[in-house]
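This report refers to the structure that appears directly beneath it.
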2 protein chains.
Amino acid sequence: MMLVLVVSTCVFAAALRRDGASPEGTLTQISVINALMLGQYDGWHRIDALLESGNFGVGTLDHLDGELVVLDGHAYQVRGDGKVLPVPPEATTPFATVVKFDPGDAADGPPVTTLRALDEHLAKAIPARNHFAAIRIDGTFASIQVRSVRRQEPPYKPLEEVARSQSVWTYENVRGTLVGIRSPDWTAGLNVPGTHWHFLSDDRTQGGHVLDCRITKATVRTQVCNEWRIVLDDSREFDALDLKQDLRKELQEVESKRGK
Amino acid sequence: MMLVLVVSTCVFAAALRRDGASPEGTLTQISVINALMLGQYDGWHRIDALLESGNFGVGTLDHLDGELVVLDGHAYQVRGDGKVLPVPPEATTPFATVVKFDPGDAADGPPVTTLRALDEHLAKAIPARNHFAAIRIDGTFASIQVRSVRRQEPPYKPLEEVARSQSVWTYENVRGTLVGIRSPDWTAGLNVPGTHWHFLSDDRTQGGHVLDCRITKATVRTQVCNEWRIVLDDSREFDALDLKQDLRKELQEVESKRGK
């Protein structure tokens with residue numbers, strides 16, 4: 001089966017945007033990925049403020065306390081022990097990316113057997129490679145391998161080091177949603193180039209940062225974003241960081257490592 | 001005389017920002033600098049829309065037709081022949097950076113004899129190196145060397161090549177304003193790391209992209225921005241660009257070259 005997607009926004013209707021009208025499709029991110037890579041795990045942006053910027057996205061929480069999944073306007077924490085909890089509005093995040101999700105029509109997803117195959121399908125289906133995309137996949141997963149990380153205490157270790165002690169699980173025959181944020185390759189250092197996938201089960205009891213998956217049956221909804229907003233940490237610690245470092249290899253390890 | 005600046009925003013009052021309140025101090029840019037470096041000179045974002053995002057900033061115009069200076073809510077074009085003209089609202093830009101300028105108190109500027117000395121003073125006075133800053137300097141300039149570029153026609157040459165045929169002038173004993181946008185070093189490829197200075201004389205008849213200056217007497221006003229917004233071009237041409245190229249050396253040539 002071929003993957004056919006209906007892409008919602010204006011990338012293929014450029015004429016509509018030439019009038020300078022206020023853009024739709026804003027991706028908002030809190031801080032930059034290199035700050036997280038360097039161990040800036042203290043939360044500083046409140047979750048209720050984050051949910052004003054978007055109802056769909058991914059991130060982490062204060063003290064790197066698990067994976068953050070934002071879905072349908074609700075924020076969920078997938079802790080290092082696998083437990084899924086609602087996130088209170090006063091909780092904070094050191095890094096997150098959200099959009100006000102306004103996708104095109106749902107389309108059938110591909111029955112892929114790996115996450116890489118899914119990403120390859122989507123690269124063809126959503127060719128806007130210099131734009132951001134929010135991708136929602138609802139369906140049944142024959143298997144899905146996820147990870148989460150445990151709450152850290154200062155002095156914080158770099159993310160690459162913390163990720164070595166991540167917990168990895170595999171769920172089988174589970175219904176749920178993949179929450180994906182795709183960033184262009186030129187966002188290295190600022191966000192995660194490629195698609196950053198988090199998962200949440202339909203019953204909101206299972207989830208995590210996705211390492212691999214086999215999709216049995218799914219629908220795909222996509223929104224392409226042409227506006228990018230970065231909110232920067234005001235702290236002195238943030239200003240002291242050398243953020244221009246090339247940490248692409250280390251990030252690749254963190255994003256896709258499956259443990260031993 | 002030491003340069004003493006009062007920095008307006010919240011970098012040094014981080015406690016005020018921990019509540020997640022809507023950030024102030026947004027720097028908005030149209031497209032990314034690497035797109036301009038690669039010859040994307042067709043304007044697509046209207047000037048009236050740009051002025052809604054900010055009243056202070058720098059950029060260029062459709063067909064790379066000179067330097068754009070945004071000051072006190074008005075947009076000015078400094079053409080390749082040196083003539084300064086108001087920019088009509090329906091004109092468009094392929095690249096610009098603006099802020100809603102809300103500076104701290106004015107402070108005495110330094111009587112510097114080079115642009116480099118000015119930048120060095122400001123690096124100490126505004127140490128928020130991982131944030132953006134908008135810097136306005138009003139004063140008398142013993143001399144100021146500026147450049148502009150002439151309108152290009154497609155097929156466009158890369159900016160580095162076009163800059164080789166720039167026009168360079170020096171004004172002496174002129175009163176006017178430096179419009180500066182300072183970007184962190186980790187914005188390479190997206191904006192211009194360091195401070196990008198444009199000039200406009202008090203009588204709005206002289207201006208350009210600043211290559212050097214000697215300041216006799218000046219006041220400095222500064223705003224530090226902790227929110228960064230990038231509006232991306234919707235065109236297919238934009239999506240076809242390889243924006244992750246490292247063009248820092250070429251940009252350095254373009255920004256500071258003084259001709260032969």
Side-chain angles (χ1 to χ4, degrees), chain A residues 9-23 25-26 28 32 34-35 43-50 52-53 89-90 92 127-132 184-190 193 224-245, chain B residues 9-23 25-26 28 32 34-35 43-50 52-53 89-90 92-93 127-132 184-190 193 224-236 238-245:
Chain A
T9 59
C10 318
V11 168
F12 306 116
L16 292 176
R17 305 297 308 283
R18 298 304 184 193
D19 61 357
S22 183
T26 299
T28 295
V32 294
N34 269 8
W44 56 274
H45 192 86
R46 279 176 61 127
I47 293 300
D48 49 5
L50 183 72
E52 283 176 21
S53 298
E90 69 276 11
T92 56
R129 69 168 185 159
N130 284 334
H131 292 77
F132 294 83
D185 57 11
W186 48 267
T187 64
L190 307 185
V224 174
C225 299
N226 61 351
E227 196 171 303
W228 184 24
R229 178 174 161 254
I230 302 180
V231 185
L232 298 172
D233 185 353
D234 283 339
S235 71
R236 287 171 189 273
E237 292 78 14
F238 179 78
D239 258 323
L241 298 173
D242 177 8
L243 296 173
K244 73 174 184 301
Q245 294 176 60
Chain B
T9 59
C10 317
V11 169
F12 307 115
L16 292 176
R17 306 296 309 282
R18 298 304 184 191
D19 62 358
S22 182
T26 299
T28 296
V32 294
N34 269 9
W44 56 274
H45 192 85
R46 278 177 61 125
I47 294 299
D48 49 5
L50 184 72
E52 283 176 21
S53 299
E90 68 277 11
T92 55
T93 175
R129 70 168 184 157
N130 283 334
H131 291 77
F132 294 82
D185 56 11
W186 48 266
T187 64
L190 307 186
V224 174
C225 300
N226 60 352
E227 196 171 303
W228 183 23
R229 178 173 160 253
I230 302 180
V231 185
L232 299 172
D233 184 352
D234 283 339
S235 72
R236 288 171 188 273
F238 179 78
D239 259 322
L241 297 173
D242 177 8
L243 295 173
K244 73 173 183 303
Q245 294 177 60

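What you find for B/Leu232 and A/Asn130 is that their closest heavy atoms are CD1-O, 3.6 Å. Contact between A/Asp242 and B/Arg129 at its shortest, heavy atoms only, is N-NH2, 3.6 Å. Summarising the geometry of B/Asp233 relative to A/His131, their closest heavy-atom pair is O-NE2, 2.8 Å, with the distance given to 0.1 Å.
For a residue to count as touching a neighbouring chain, one of its non-hydrogen atoms must lie under 4.5 Å from one of that chain's; by this rule B/Leu241 touches chain A with backbone and side chain alike. In this structure, chain A has a heavy atom under 4.5 Å from the backbone of B/Ala240, while its side chain stays farther away.
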Checklist entry - Going through the distances and angles, do B/Leu190 and A/Trp228 end up as a side chain to side chain contact (heavy atoms under 4.5 Å, CB included)? => result CA-CA 12 Å; B/Leu190 307 186; A/Trp228 184 24; 4.0 Å; yes
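A/Trp186 has its side chain within reach of B/Val32: a pair of non-hydrogen atoms, C-beta onward, lies under 4.5 Å apart.
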